[in-house]
Amino acid sequence: MLMTHAYRTHTCGQLRNTDAETTIRISGWVHRVRDHGGVLFFDLRDHYGITQVVADPASSAFKAAEGLRSEWVVRIDGKVRIRPAGTENKDMPTGLIEVYATDIEVLGPAAELPLPIFGEPDYPEDIRLKYRFLDLRRETLHKNIMTRTKVVSHLRNKMNDIGFNEFSTPILTASSPEGARDFLVPSRIHAGKFFALPQAPQQYKQLLMVAGFDKYFQIAPCFRDEDPRADRLPGEFYQLDLEMSFVTQDDLFATMQPVIMELFDTFKGNKTVRPEVPRIPHSEAIRRFGSDKPDLRNPIEMQAVTEHFAGSGFKVFAGMIAADPKVEVWAIPAPKGGSRAFCDRMNSWAQGQGQPGLGYVFWRDGEEGAAGPIAKNIGPERTESVRKQLGLNVGDACFFVAGRPEKFYRFAGDARTLVGKELNLTNENEFAFAWIIDFPFYEWSDEDKKVDFAHNPFSMPQGGMKALQEQDPLTIKAFQYDMVCNGFEIASGSIRNHSPETMVKAFEIAGVTKAEVEERFGGMYRAFQFGAPPHGGMAFGVDRLVMLIVGASNLREITLFPMNQQAQDLLMGAPSDPSPKQLRELHIRLNLPEA
RNA sequence: GCGGAAGUAGCUCAGUUGGUUAGAGCGUCGCCCUGUCACGGCGAAGGUCGCGGGUUCGAGCCCCGUCUUUCGCGCCA
């Protein structure tokens with residue numbers, strides 16, 4: 001047969017027993033060599049799959065095959081043949097055949113590997129990041145990246161299908177009002193001035209609405225110079241950013257909920273997607289779940305049980321309640337957690353968290369009343385009232401935290417998460433969503449001793465100008481919402497404040513003058529003077545969506561070339577020193593800290 | 001900026017109470033092996049125990065400092 005291509009007639013995932021006896025050419029990486037002396041096997045791998053190649057002393061390729069090592073790139077000419085009976089590999093799509101090599105050309109030999117491609121043990125991040133191109137060859141990461149690509153493509157197609165228009169907004173822009181630290185880019189032409197990379201295309205997309213484009217979306221890169229977390233990449237990340245005109249909050253939910261549900265339905269694998277997506281007010285989420293991004297797979301819901309402790313024999317709580325009317329006692333029910341061992345384990349965990357402890361009661365079989373120190377202190381009647389309120393039974397336990405809710409709700413939420421996990425109440429094979437709505441517009445800043453925006457300053461306060469003028473700012477809610485899934489915030493958005501007067505008033509309450517608003521958000525402030533439509537939108541964290549879908553616990557598992565925690569790219573060596581010429585052109589002199 | 005964990009062969013790790021020559025697996029190199037698919041067997045090379053200082057007769061191990069990686073806090077509209 002005349003070879004029609006320099007490198008391949010088939011991919012490494014393509015050949016089947018119907019190809020038997022054909023002469024083929026394949027190229028790829030040597031995955032694994034098994035040299036038996038007289039007969040030699042190796043697996044050839046490319047993006048599409050793995051094919052076993054075999055050579056024996058009768059083959060003209062035998063000598064070359066003996067020299068092959070892992071990860072060399074080679075071109076193989078050979079003949080497809082059915083594997084001898086009993087040597088088939090049913091775990092491989094190509095496992096019924098093998099390629100008998102007649103010619104081998106080494107296209108790219110490989111030095112000794114700093115990390116193996118075959119098998120996937122954990123490796124230190126610095127090695128993985130420095131040799132990212134090798135890490136990306138490994139099966140799991142390679143698959144994750146492909147899933148990411150398919151997710152992005154799915155979202156883009158879907159958004160186009162439902163009438164959204166994709167626009168690219170500028171990357172070199174002005175420093176924006178979001179809370180994060182900006183990445184700055186010096187301007188050569190304007191000495192001493194800097195561009196900022198966008199933290200989000202927030203102002204641009206709102207300007208697009210003012211410009212009449214109605215439905216905007218973008219898979220947008222966003223840049224924030226903040227320290228990372230496992231679920232927060234350093235430097236840059238991607239959002240599915242969207243904005244709509246003439247819509248209410250309900251319209252946005254009705255538009256995007258099906259998109260997200262269909263996405264997860266498409267990529268869920270053998271997990272299930274809970275069809276109900278409840279809308280939970282922010283304050284209720286805090287009280288029921290101890291979090292503004294509750295994991296609804298965990299069935300535990302907390303309740304206030306303050307009145308059962310007020311004036312009770314449990315002096316610690318009773319004293320706190322008497323001393324401060326804002327103090328509450330919350331109960332964290334633990335169904336089937338009714339054992340001393342479990343309760344003590346939770347108690348030591350709490351102490352490890354810097355808490356004095358975690359009070360509990362539990363109900364045992366064949367025992368009158370309840371066990372645990374708190375039960376004895378508050379007495380059987382109050383204990384029974386607690387049990388009834390929470391609907392608990394023999395075999396169950398309940399934990400208690402007391403104080404001002406804003407101080408302890410996080411800890412209570414963590415305890416709820418741990419109880420759910422320890423007692424296997426949380427179904428790990430499910431995706432459970434919720435909309436968290438009615439976020440507070442303002443919050444009290446202890447640091448600055450003033451009222452500050454709780455989240456997005458461009459949100460519309462519920463009640464509008466009237467609320468800003470008449471209400472206690474700390475009680476004002478915003479038309480602002482998050483979508484959460486399994487304890488992660490996957491989207492955040494709001495109905496925007498499109499009235500310049502209301503905007504000025506909103507900033508005034510946060511201590512920002514009209515002049516400052518005009519200076520810092522001049523483009524948008526000006527735009528709102530000339531016919532701004534009511535509009536709103538949201539942004540989904542693409543990285544987090546993919547992380548949830550593939551079940552990764554770290555964003556580096558779904559990102560092509562991530563930076564390390566110090567925001568360095570170890571592969572490319574970024575950031576790097578500028579040349580003296582570059583600095584001269586930019587009129588920049590370095591003022592480095594003392595070594 | 002702060003706190004926790006880790007750092008021993010190219011890679012993953014073990015290394016007891018401080019004790020004589022620091023080990024294993026994978027990989028690499030050499031030899032043997034005709035049906036493996038984590039092939040197998042024999043052998044070899046490979047180490048500034050992150051770095052610096054200290055305690056000690058003696059330190060991979062204890063102490064102090066420092067660097068690197070990571071997880072968390074701060075921060076993240």
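Residue numbers start from 1 in every chain, and the chains themselves are labelled A, B, ... in the order their sequence lines are given, proteins ahead of strands. Just so it is clear, the structure is predicted and the values come from calculations on it, not from any experiment.
Ring geometry for Phe253(A) against Trp435(A) counts as parallel: the plane angle stays under 30°, on a 0 to 90° scale with 60° as the upper cut.
Aromatic ring centres of Phe453(A) and Tyr442(A) lie closer together than 6.0 Å. Phe521(A) and Phe507(A) have their aromatic ring centers within a separation under 6.0 angstrom.
Comparing the same atom, P, in rA44(B) and in rG25(B) gives a spacing of 12 Å after rounding to whole Å. One P atom belongs to rG3(B), the other to rG65(B), and the distance between them is 11 Å to the nearest Å.
Residue Arg410(A) is classed as having no contact, given no heavy-atom separation below 4.0 Å to the nucleic acid. The residue Arg229(A) sits close to a base: some heavy atom pair falls under 4.0 Å. Contacts of Arg81(A) with the nucleic acid, taken as non-hydrogen atoms under 4.0 Å apart, include base atoms. Across all strands shown, Arg83(A) has heavy atoms under 4.0 Å from base atoms, whether or not it also approaches the sugar-phosphate.
RNA chain B forms stems at B:1-7 with B:67-73, B:10-13 with B:23-26, B:28-32 with B:40-44, B:50-54 with B:62-66, each a run of 3 or more consecutive Watson-Crick or G-U wobble pairs whose two key distances fall under 3.5 Å.
Here His36(A) does not count as stacked on rU36(B), because the ring centres are not under 5.5 angstrom apart with planes under 30°.
One interatomic measurement links the two molecules: CG of Asp56(A) to P of rG35(B), which rounds to 12 Å at whole-angstrom precision.
At least one side-chain nitrogen or oxygen of Arg556(A) sits closer than 4.0 Å to the OP1 or OP2 atom of rC71(B).
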